[in-house]
Protein chains: 2
Amino acid sequence: MSTPRRTDARRNRARLVAAAAELFDEVGADATAMNDVARRAGVGPGTLWRHFADKDALIAEVVGDSLDNLAALAADLRAEPRALRRWVVELVRHISRYRGLVDAIAHAGPDGPLGGRCHAVEAATADLVERARAQGEVRADLTATEVVRLAMAVAWVNEAVTPPDTADRLLSLIFEGVDR
Amino acid sequence: MSTPRRTDARRNRARLVAAAAELFDEVGADATAMNDVARRAGVGPGTLWRHFADKDALIAEVVGDSLDNLAALAADLRAEPRALRRWVVELVRHISRYRGLVDAIAHAGPDGPLGGRCHAVEAATADLVERARAQGEVRADLTATEVVRLAMAVAWVNEAVTPPDTADRLLSLIFEGVDR
DNA sequence: ACCTGAACACCGTTCAAGT
DNA sequence: ACCTGAACACCGTTCAAGT
(Lines give C-alpha, C1' and ligand atoms only; values in the text may rest on other atoms or scores of the structure.)
Protein backbone atom coordinates (compact mmCIF):
# COMPACT_ATOMS: atom_id res chain seq x y z
CA MET A 1 0.00 0.00 0.00
CA SER A 2 2.71 2.51 0.85
CA THR A 3 4.37 2.03 -2.57
CA PRO A 4 1.72 0.87 -5.05
CA ARG A 5 2.79 -1.29 -7.95
CA ARG A 6 0.79 0.18 -10.79
CA THR A 7 2.29 3.32 -12.28
CA ASP A 8 -0.98 5.25 -12.31
CA ALA A 9 -1.40 4.48 -8.62
CA ARG A 10 2.08 5.73 -7.81
CA ARG A 11 1.48 8.89 -9.79
CA ASN A 12 -1.83 9.51 -8.11
CA ARG A 13 -0.27 9.06 -4.70
CA ALA A 14 2.47 11.58 -5.47
CA ARG A 15 -0.09 14.06 -6.79
CA LEU A 16 -2.19 13.68 -3.65
CA VAL A 17 0.75 14.39 -1.37
CA ALA A 18 1.75 17.41 -3.45
CA ALA A 19 -1.78 18.76 -3.50
CA ALA A 20 -2.09 18.31 0.26
CA ALA A 21 1.20 20.13 0.90
CA GLU A 22 0.00 23.05 -1.24
CA LEU A 23 -3.31 23.29 0.56
CA PHE A 24 -1.65 22.98 3.98
CA ASP A 25 0.46 25.98 3.02
CA GLU A 26 -2.45 27.99 1.73
CA VAL A 27 -5.16 27.40 4.32
CA GLY A 28 -3.58 25.23 7.01
CA ALA A 29 -3.69 21.53 7.75
CA ASP A 30 -6.84 21.93 9.82
CA ALA A 31 -8.78 23.87 7.19
CA THR A 32 -8.03 21.70 4.18
CA ALA A 33 -10.95 19.54 3.14
CA MET A 34 -10.16 16.02 1.99
CA ASN A 35 -12.35 16.46 -1.08
CA ASP A 36 -10.37 19.56 -2.02
CA VAL A 37 -7.14 17.60 -1.87
CA ALA A 38 -8.61 15.01 -4.21
CA ARG A 39 -9.93 17.63 -6.59
CA ARG A 40 -6.64 19.51 -6.78
CA ALA A 41 -4.80 16.23 -7.37
CA GLY A 42 -7.22 15.53 -10.22
CA VAL A 43 -8.58 12.29 -8.75
CA GLY A 44 -11.82 11.17 -7.18
CA PRO A 45 -12.36 11.15 -3.41
CA GLY A 46 -12.33 7.37 -3.41
CA THR A 47 -8.76 7.35 -4.70
CA LEU A 48 -7.66 9.57 -1.86
CA TRP A 49 -9.20 7.26 0.71
CA ARG A 50 -7.70 4.22 -0.97
CA HIS A 51 -4.22 5.67 -0.49
CA PHE A 52 -4.66 7.20 2.95
CA ALA A 53 -6.80 5.66 5.66
CA ASP A 54 -7.60 9.02 7.22
CA LYS A 55 -6.46 12.60 7.37
CA ASP A 56 -3.77 11.74 9.88
CA ALA A 57 -2.14 9.37 7.43
CA LEU A 58 -2.11 12.09 4.80
CA ILE A 59 -0.58 14.61 7.20
CA ALA A 60 2.00 12.06 8.31
CA GLU A 61 3.04 11.55 4.70
CA VAL A 62 3.36 15.28 4.05
CA VAL A 63 5.42 16.06 7.16
CA GLY A 64 7.21 12.73 7.38
CA ASP A 65 10.48 13.73 5.72
CA SER A 66 10.52 16.97 7.62
CA LEU A 67 10.18 15.19 10.96
CA ASP A 68 12.85 12.68 10.01
CA ASN A 69 15.25 15.50 9.17
CA LEU A 70 14.43 17.10 12.50
CA ALA A 71 15.33 13.96 14.42
CA ALA A 72 18.60 13.75 12.49
CA LEU A 73 19.43 17.29 13.54
CA ALA A 74 19.59 16.21 17.16
CA ALA A 75 22.82 14.36 16.50
CA ASP A 76 24.47 17.56 15.21
CA LEU A 77 23.34 19.58 18.20
CA ARG A 78 24.47 16.97 20.70
CA ALA A 79 27.94 18.44 21.21
CA GLU A 80 26.92 22.10 21.17
CA PRO A 81 26.44 24.16 24.32
CA ARG A 82 22.82 24.60 25.36
CA ALA A 83 21.86 21.94 22.88
CA LEU A 84 18.46 21.31 24.46
CA ARG A 85 17.43 24.92 24.24
CA ARG A 86 18.39 25.13 20.56
CA TRP A 87 16.63 21.85 19.92
CA VAL A 88 13.36 23.10 21.35
CA VAL A 89 13.51 26.14 19.08
CA GLU A 90 13.74 23.82 16.07
CA LEU A 91 11.03 21.61 17.50
CA VAL A 92 8.61 24.51 17.76
CA ARG A 93 9.48 25.65 14.23
CA HIS A 94 8.75 22.25 12.72
CA ILE A 95 5.56 21.79 14.70
CA SER A 96 4.44 25.18 13.41
CA ARG A 97 5.26 24.39 9.76
CA TYR A 98 1.57 24.22 8.90
CA ARG A 99 -1.31 25.81 10.73
CA GLY A 100 -3.18 23.12 12.61
CA LEU A 101 -0.32 20.64 12.51
CA VAL A 102 0.22 20.89 16.25
CA ASP A 103 -3.38 19.82 16.90
CA ALA A 104 -2.97 16.83 14.64
CA ILE A 105 0.24 15.83 16.42
CA ALA A 106 -1.23 16.29 19.88
CA HIS A 107 -4.33 14.26 19.14
CA ALA A 108 -2.50 11.55 17.19
CA GLY A 109 -2.61 8.17 18.85
CA PRO A 110 0.87 6.75 19.54
CA ASP A 111 0.12 3.82 17.22
CA GLY A 112 -1.25 5.95 14.39
CA PRO A 113 0.78 7.10 11.38
CA LEU A 114 1.57 10.51 12.82
CA GLY A 115 2.38 9.14 16.25
CA GLY A 116 4.87 6.78 14.67
CA ARG A 117 6.62 9.63 12.90
CA CYS A 118 6.93 11.47 16.20
CA HIS A 119 8.60 8.61 17.99
CA ALA A 120 12.10 9.44 16.74
CA VAL A 121 11.56 13.04 17.80
CA GLU A 122 10.65 11.95 21.31
CA ALA A 123 13.72 9.73 21.49
CA ALA A 124 15.99 12.55 20.30
CA THR A 125 14.51 14.84 22.92
CA ALA A 126 15.10 12.28 25.64
CA ASP A 127 18.75 12.04 24.68
CA LEU A 128 19.23 15.80 24.81
CA VAL A 129 17.39 16.09 28.11
CA GLU A 130 19.65 13.44 29.55
CA ARG A 131 22.78 15.33 28.51
CA ALA A 132 21.49 18.70 29.68
CA ARG A 133 20.70 17.17 33.03
CA ALA A 134 24.16 15.62 33.32
CA GLN A 135 25.61 19.03 32.48
CA GLY A 136 23.53 20.56 35.23
CA GLU A 137 21.90 22.90 32.74
CA VAL A 138 18.33 21.98 33.60
CA ARG A 139 16.29 20.79 36.55
CA ALA A 140 17.11 17.28 37.61
CA ASP A 141 13.46 16.22 37.48
CA LEU A 142 12.79 17.39 33.91
CA THR A 143 11.46 14.76 31.51
CA ALA A 144 11.49 14.58 27.71
CA THR A 145 7.72 14.28 27.62
CA GLU A 146 7.43 17.56 29.47
CA VAL A 147 9.80 19.27 27.07
CA VAL A 148 7.84 18.10 24.02
CA ARG A 149 4.60 19.18 25.63
CA LEU A 150 5.92 22.62 26.44
CA ALA A 151 7.04 22.94 22.82
CA MET A 152 3.59 21.95 21.60
CA ALA A 153 1.99 24.37 24.03
CA VAL A 154 4.10 27.24 22.72
CA ALA A 155 3.46 26.28 19.10
CA TRP A 156 -0.27 26.10 19.71
CA VAL A 157 -0.69 29.36 21.56
CA ASN A 158 1.38 31.22 18.99
CA GLU A 159 -0.92 30.21 16.18
CA ALA A 160 -4.10 30.47 18.22
CA VAL A 161 -3.83 34.08 19.35
CA THR A 162 -3.33 37.32 17.48
CA PRO A 163 -0.96 38.93 17.33
CA PRO A 164 1.38 36.02 18.05
CA ASP A 165 4.29 36.41 20.40
CA THR A 166 7.58 35.25 19.05
CA ALA A 167 8.19 31.67 20.03
CA ASP A 168 11.57 32.79 21.33
CA ARG A 169 10.00 35.07 23.87
CA LEU A 170 7.73 32.42 25.36
CA LEU A 171 10.57 29.91 25.36
CA SER A 172 12.72 32.43 27.20
CA LEU A 173 10.03 32.77 29.86
CA ILE A 174 9.72 29.01 30.18
CA PHE A 175 13.41 28.14 30.25
CA GLU A 176 14.65 31.01 32.36
CA GLY A 177 11.48 31.10 34.40
CA VAL A 178 8.78 33.64 35.07
CA ASP A 179 9.84 34.09 38.68
CA ARG A 180 12.80 36.19 39.69
CA MET B 1 -32.43 40.42 22.89
CA SER B 2 -30.43 39.49 25.96
CA THR B 3 -33.57 39.45 28.10
CA PRO B 4 -36.57 38.71 25.88
CA ARG B 5 -39.95 40.10 26.88
CA ARG B 6 -42.22 37.19 26.12
CA THR B 7 -42.29 34.56 28.84
CA ASP B 8 -41.97 31.65 26.41
CA ALA B 9 -38.88 33.30 24.93
CA ARG B 10 -37.30 33.74 28.33
CA ARG B 11 -38.00 30.14 29.23
CA ASN B 12 -36.58 28.89 25.94
CA ARG B 13 -33.41 30.90 26.46
CA ALA B 14 -32.91 29.47 29.96
CA ARG B 15 -33.49 25.96 28.65
CA LEU B 16 -30.97 26.47 25.86
CA VAL B 17 -28.27 27.64 28.26
CA ALA B 18 -28.97 24.72 30.61
CA ALA B 19 -28.90 22.21 27.75
CA ALA B 20 -25.64 23.65 26.45
CA ALA B 21 -24.02 23.46 29.90
CA GLU B 22 -25.04 19.80 30.17
CA LEU B 23 -23.65 18.92 26.77
CA PHE B 24 -20.43 20.85 27.40
CA ASP B 25 -19.98 18.70 30.50
CA GLU B 26 -20.75 15.46 28.72
CA VAL B 27 -18.87 15.78 25.44
CA GLY B 28 -17.03 19.09 25.59
CA ALA B 29 -17.71 22.53 24.19
CA ASP B 30 -16.01 21.66 20.90
CA ALA B 31 -17.94 18.44 20.34
CA THR B 32 -21.43 19.70 21.07
CA ALA B 33 -23.52 20.21 17.97
CA MET B 34 -25.79 23.21 17.91
CA ASN B 35 -28.70 21.08 16.74
CA ASP B 36 -28.20 18.80 19.72
CA VAL B 37 -28.42 21.76 22.07
CA ALA B 38 -31.70 22.77 20.48
CA ARG B 39 -33.08 19.24 20.61
CA ARG B 40 -32.20 18.76 24.27
CA ALA B 41 -33.74 22.11 25.10
CA GLY B 42 -36.89 20.97 23.32
CA VAL B 43 -36.90 23.78 20.75
CA GLY B 44 -36.25 24.08 17.04
CA PRO B 45 -32.83 25.03 15.66
CA GLY B 46 -34.20 28.35 14.53
CA THR B 47 -35.01 29.28 18.11
CA LEU B 48 -31.44 28.61 19.16
CA TRP B 49 -30.09 30.86 16.41
CA ARG B 50 -32.59 33.53 17.26
CA HIS B 51 -31.25 33.73 20.80
CA PHE B 52 -27.53 33.28 20.05
CA ALA B 53 -25.85 34.67 16.97
CA ASP B 54 -23.25 31.91 16.89
CA LYS B 55 -21.68 29.22 19.01
CA ASP B 56 -19.36 31.75 20.64
CA ALA B 57 -22.32 33.67 22.00
CA LEU B 58 -23.74 30.48 23.47
CA ILE B 59 -20.43 29.57 25.08
CA ALA B 60 -20.06 33.10 26.43
CA GLU B 61 -23.46 32.82 28.09
CA VAL B 62 -22.65 29.47 29.67
CA VAL B 63 -19.27 30.49 31.09
CA GLY B 64 -20.06 34.14 31.65
CA ASP B 65 -20.89 33.99 35.36
CA SER B 66 -17.94 31.71 35.96
CA LEU B 67 -15.54 34.16 34.33
CA ASP B 68 -17.04 37.06 36.25
CA ASN B 69 -16.53 35.21 39.51
CA LEU B 70 -12.96 34.52 38.48
CA ALA B 71 -12.25 38.17 37.91
CA ALA B 72 -13.75 38.97 41.30
CA LEU B 73 -11.40 36.48 42.93
CA ALA B 74 -8.43 38.58 41.91
CA ALA B 75 -9.37 41.20 44.47
CA ASP B 76 -9.21 38.60 47.26
CA LEU B 77 -5.82 37.32 46.19
CA ARG B 78 -4.35 40.77 45.85
CA ALA B 79 -2.95 40.94 49.40
CA GLU B 80 -1.78 37.34 49.57
CA PRO B 81 1.83 36.30 49.04
CA ARG B 82 2.60 34.91 45.59
CA ALA B 83 -0.79 36.13 44.46
CA LEU B 84 0.06 35.92 40.75
CA ARG B 85 1.06 32.30 40.96
CA ARG B 86 -2.16 31.35 42.76
CA TRP B 87 -4.13 33.39 40.28
CA VAL B 88 -2.72 31.52 37.30
CA VAL B 89 -3.69 28.21 38.88
CA GLU B 90 -7.28 29.43 39.10
CA LEU B 91 -7.07 30.82 35.58
CA VAL B 92 -6.04 27.46 34.17
CA ARG B 93 -8.76 25.70 36.11
CA HIS B 94 -11.48 27.97 34.77
CA ILE B 95 -10.18 27.80 31.21
CA SER B 96 -10.26 24.02 31.51
CA ARG B 97 -13.81 23.93 32.88
CA TYR B 98 -15.08 22.44 29.61
CA ARG B 99 -13.11 20.54 27.01
CA GLY B 100 -12.57 22.80 24.02
CA LEU B 101 -13.25 25.99 25.95
CA VAL B 102 -9.66 27.12 25.64
CA ASP B 103 -9.85 26.94 21.85
CA ALA B 104 -12.99 29.02 21.85
CA ILE B 105 -11.37 31.61 24.09
CA ALA B 106 -8.15 31.73 22.09
CA HIS B 107 -9.93 32.17 18.77
CA ALA B 108 -12.53 34.60 20.09
CA GLY B 109 -12.26 38.04 18.54
CA PRO B 110 -11.76 40.78 21.16
CA ASP B 111 -15.06 42.36 20.12
CA GLY B 112 -17.03 39.12 20.15
CA PRO B 113 -19.17 37.94 23.08
CA LEU B 114 -16.49 35.66 24.52
CA GLY B 115 -13.74 38.22 24.05
CA GLY B 116 -15.79 40.72 25.98
CA ARG B 117 -16.17 38.33 28.89
CA CYS B 118 -12.42 37.85 28.98
CA HIS B 119 -11.64 41.52 29.24
CA ALA B 120 -12.09 41.69 33.01
CA VAL B 121 -9.86 38.65 33.39
CA GLU B 122 -7.11 40.34 31.40
CA ALA B 123 -7.43 43.46 33.51
CA ALA B 124 -7.25 41.47 36.75
CA THR B 125 -4.16 39.69 35.48
CA ALA B 126 -2.51 42.99 34.61
CA ASP B 127 -3.09 44.25 38.13
CA LEU B 128 -1.54 41.16 39.71
CA VAL B 129 1.42 41.24 37.34
CA GLU B 130 2.01 44.83 38.27
CA ARG B 131 2.09 44.02 41.98
CA ALA B 132 4.25 40.92 41.56
CA ARG B 133 6.70 43.01 39.59
CA ALA B 134 6.77 45.73 42.24
CA GLN B 135 7.41 43.02 44.84
CA GLY B 136 10.29 41.74 42.73
CA GLU B 137 8.69 38.32 42.54
CA VAL B 138 8.72 38.07 38.74
CA ARG B 139 10.80 39.27 35.82
CA ALA B 140 10.61 42.98 35.25
CA ASP B 141 9.68 42.52 31.58
CA LEU B 142 6.75 40.18 32.16
CA THR B 143 3.42 41.27 30.68
CA ALA B 144 -0.14 40.28 31.52
CA THR B 145 -0.74 39.13 27.97
CA GLU B 146 2.11 36.69 28.26
CA VAL B 147 0.79 35.33 31.53
CA VAL B 148 -2.66 34.73 30.05
CA ARG B 149 -1.14 33.07 27.01
CA LEU B 150 1.01 30.77 29.10
CA ALA B 151 -2.09 29.81 31.08
CA MET B 152 -3.95 29.05 27.86
CA ALA B 153 -1.01 27.06 26.54
CA VAL B 154 -0.93 24.92 29.69
CA ALA B 155 -4.69 24.42 29.64
CA TRP B 156 -4.61 23.40 25.99
CA VAL B 157 -1.76 20.95 26.17
CA ASN B 158 -3.23 19.29 29.24
CA GLU B 159 -6.44 18.48 27.47
CA ALA B 160 -4.82 17.70 24.12
CA VAL B 161 -2.40 14.96 25.20
CA THR B 162 -2.89 11.72 27.09
CA PRO B 163 -2.16 11.14 29.80
CA PRO B 164 -2.32 14.78 30.90
CA ASP B 165 0.32 16.23 33.17
CA THR B 166 -1.02 18.03 36.16
CA ALA B 167 -1.34 21.70 35.41
CA ASP B 168 0.61 22.35 38.59
CA ARG B 169 3.64 20.54 37.26
CA LEU B 170 3.79 22.50 34.01
CA LEU B 171 3.19 25.74 35.87
CA SER B 172 6.04 24.89 38.20
CA LEU B 173 8.34 24.42 35.21
CA ILE B 174 7.21 27.70 33.71
CA PHE B 175 7.35 29.83 36.84
CA GLU B 176 10.50 28.42 38.39
CA GLY B 177 12.07 27.81 35.00
CA VAL B 178 13.31 24.79 33.12
CA ASP B 179 16.94 25.87 33.41
CA ARG B 180 18.99 25.40 36.56
C1' DA C 1 -5.38 -3.85 -9.04
C1' DC C 2 -6.93 0.42 -9.17
C1' DC C 3 -10.07 4.39 -10.33
C1' DT C 4 -14.54 6.93 -10.65
C1' DG C 5 -18.05 9.67 -8.92
C1' DA C 6 -22.57 9.29 -7.11
C1' DA C 7 -24.38 8.97 -2.64
C1' DC C 8 -24.96 8.96 2.47
C1' DA C 9 -24.46 11.00 7.11
C1' DC C 10 -23.68 14.81 9.79
C1' DC C 11 -23.79 19.48 11.23
C1' DG C 12 -23.93 24.59 10.86
C1' DT C 13 -27.17 27.86 9.22
C1' DT C 14 -31.27 29.99 7.02
C1' DC C 15 -36.00 31.08 6.10
C1' DA C 16 -40.87 30.72 4.74
C1' DA C 17 -44.79 29.59 7.20
C1' DG C 18 -47.11 29.61 11.26
C1' DT C 19 -49.30 31.36 16.09
C1' DA D 1 -42.81 39.01 18.75
C1' DC D 2 -41.53 34.66 18.69
C1' DC D 3 -41.44 29.65 17.30
C1' DT D 4 -41.31 25.67 14.05
C1' DG D 5 -39.10 22.50 11.24
C1' DA D 6 -38.05 21.70 6.55
C1' DA D 7 -34.27 22.68 3.72
C1' DC D 8 -29.64 24.08 1.99
C1' DA D 9 -24.54 23.91 1.98
C1' DC D 10 -20.57 21.69 3.24
C1' DC D 11 -17.51 18.01 4.23
C1' DG D 12 -15.95 13.36 5.76
C1' DT D 13 -16.61 8.80 4.19
C1' DT D 14 -18.29 4.72 1.60
C1' DC D 15 -19.25 1.70 -2.18
C1' DA D 16 -21.18 -0.21 -6.45
C1' DA D 17 -19.76 0.08 -10.96
C1' DG D 18 -16.29 0.43 -14.07
C1' DT D 19 -11.45 -0.42 -16.66
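In what follows, chains are A, B, ... by sequence order, proteins preceding strands, each numbered from 1.
- The list of side-chain hydrogen bond (donor to acceptor under 3.5 Å, both in side chains) pairs with a residue in residues 33-44 of chain A, not counting sequence neighbours, reads Glu22(A)-Arg40(A), Glu26(A)-Arg40(A), Asp36(A)-Arg39(A).
- Residue contacts shown for Asp54(B) are absent, as no nucleic acid heavy atom lies under 4.0 Å away.
- In the region residues 35-45 of chain B, proximity to DNA chain D at under 4.0 angstrom, judged on heavy atoms, holds for Val43(B), Gly44(B), Pro45(B).
- Residue contacts shown for Thr7(B) are absent, as no nucleic acid heavy atom lies under 4.0 Å away.
- For residues 145-156 of chain A, the pairs satisfying salt bridge (charged side-chain N to carboxylate O under 4.0 Å, His left out) are Glu146(A)-Arg169(B), Arg149(A)-Asp165(B), with sequence neighbours left out.
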(message) With salt bridge (charged side-chain N to carboxylate O under 4.0 Å, His left out) as the criterion, how do Glu61(A) and Arg13(A) come out once you've worked through the C-alpha distance, each side chain's angles and the decisive distance to 0.1 Å?
(response) CA-CA 10 Å; Glu61(A) 190 69 23; Arg13(A) 185 173 226 277; 3.4 Å; yes

(request) For DNA chain C, just give me the dot-bracket, please: Watson-Crick or G-U, both distances below 3.5 Å, ( ) intra-strand, [ ] crossing earlier pairs, | paired with another strand, . unpaired. (result) ||.|||||...|||||.||

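- Checking Thr47(A) against Arg6(B), the closest nucleotide of DNA chain D that is more toward the 5' end is the one next to Arg6(B).
- The aromatic rings of Phe24(B) and Tyr98(B) lie perpendicular to each other, with more than 60° between the two planes, well past the 30° mark.
- A 4.0 Å heavy-atom criterion places the boundary nucleotides of DNA chain C facing chain B at dC11(C) to dC15(C), written 5' to 3'.
- For Arg180(A) (side chain) and Ala140(B) (main-chain N/O), no donor-acceptor pair under 3.5 Å exists by modelled atom type.
- Residue Arg82(B) qualifies as open at atom CZ: its count of foreign heavy atoms under 6.0 Å is 12 or below.
- The shortest distance between side-chain heavy atoms of Leu84(B) and Arg133(B) does not fall below 4.5 Å.
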(request) Start with the C-alpha distance between Arg139(B) and Glu176(A), add both sets of side-chain angles, then the distance that settles salt bridge (charged side-chain N to carboxylate O under 4.0 Å, His left out), and finish with yes or no. (result) CA-CA 10 Å; Arg139(B) 286 170 161 233; Glu176(A) 297 162 31; 2.9 Å; yes

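- Applying the ring-ring contact (aromatic ring centres under 6.0 Å, His included) test to residues at least two apart or on different chains, none of the pairs has a partner in residues 103-123 of chain B.
- Salt bridge Arg97(A)/Asp25(A): present, at least one basic N to carboxylate O contact under 4.0 Å.
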